[in-house]
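Along the sequence shown, residues carry numbers from 1.
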Amino acid sequence: ALDWYQKALALDQKLARSGLVVDDLLGLARTSFLLQKPEQANAYAHRAQNSARAAKDTAREKQAQNWMASALKAPPPAP
């Protein structure tokens, strides 16, 4: 899923589709979180938050904040 979200992100950025960029970043955050990569999830969620804020999309900004909070609470990955 990460590969597909990254490809979609590149395409949406190229076409300047800000709403879809935020969705792609949220998908990357969610997928990273599920793969037990909280630092990566937090980074994507932070980028999503910034993009949502720039697009004045408060609902997606809140989603990004929720993913950032989840990533920070995640237990460390197993060795």
Side-chain angles (χ1 to χ4, degrees):
L2 280 176
D3 289 339
W4 290 110
Y5 277 119
Q6 289 169 339
K7 288 176 183 177
L9 177 62
L11 178 62
D12 292 334
Q13 286 174 327
K14 183 177 180 180
L15 298 174
R17 297 189 283 196
S18 60
L20 293 177
V21 167
V22 175
D23 286 341
D24 299 336
L25 289 166
L26 287 171
L28 285 162
R30 182 175 44 254
T31 303
S32 297
F33 180 79
L34 293 172
L35 291 172
Q36 298 182 359
K37 297 180 178 183
E39 297 88 9
Q40 186 175 354
N42 187 55
Y44 283 127
H46 186 72
R47 287 177 59 192
Q49 180 187 34
N50 289 339
S51 295
R53 187 175 295 139
K56 298 183 182 358
D57 186 338
T58 56
R60 286 189 179 110
E61 185 177 354
K62 181 66 176 163
Q63 287 178 358
Q65 290 170 348
N66 290 340
W67 278 113
M68 288 172 18
S70 295
L72 292 174
K73 293 178 191 172

With rounding to the nearest 0.5 angstrom, report the CZ to CD distance, R53 to Q65.
7.0 Å

d(N50 CG, H46 NE2) to nearest 0.5 Å is 4.5 Å

Going through the distances and angles, do D23 and R60 end up as a side chain to side chain contact (heavy atoms under 4.5 Å, CB included)?
CA-CA 8 Å; D23 286 341; R60 286 189 179 110; 2.7 Å; yes

Residues L2 and S32: closest non-hydrogen pair is CD2-OG, 3.8 Å

Looking at A48 and V22, what are the two nearest heavy atoms and their distance?
O-CG1, 4.1 Å

Say you draw a straight line from CD of Q13 to CG of L9; how long is it, rounded to the nearest 0.5 Å?
4.0 Å

So, taking the atom named CG in D24 and the one named NZ in K7, what distance separates them when rounded to the nearest 0.5 Å?
13.5 Å

Quick one: pull up CG in L26 and OH in Y5 and give me the separation to the nearest 0.5 Å.
9.0 Å

How about Q40 and L28: do any of their side-chain heavy atoms sit closer than 4.5 Å?
no

List the atom of A45, the atom of A29, and the distance in Å for their closest heavy-atom pair.
N-CB, 3.7 Å

Please round to the nearest 0.5 Å and tell me the distance separating atom CG of L20 and atom CG of L25.
11.0 Å

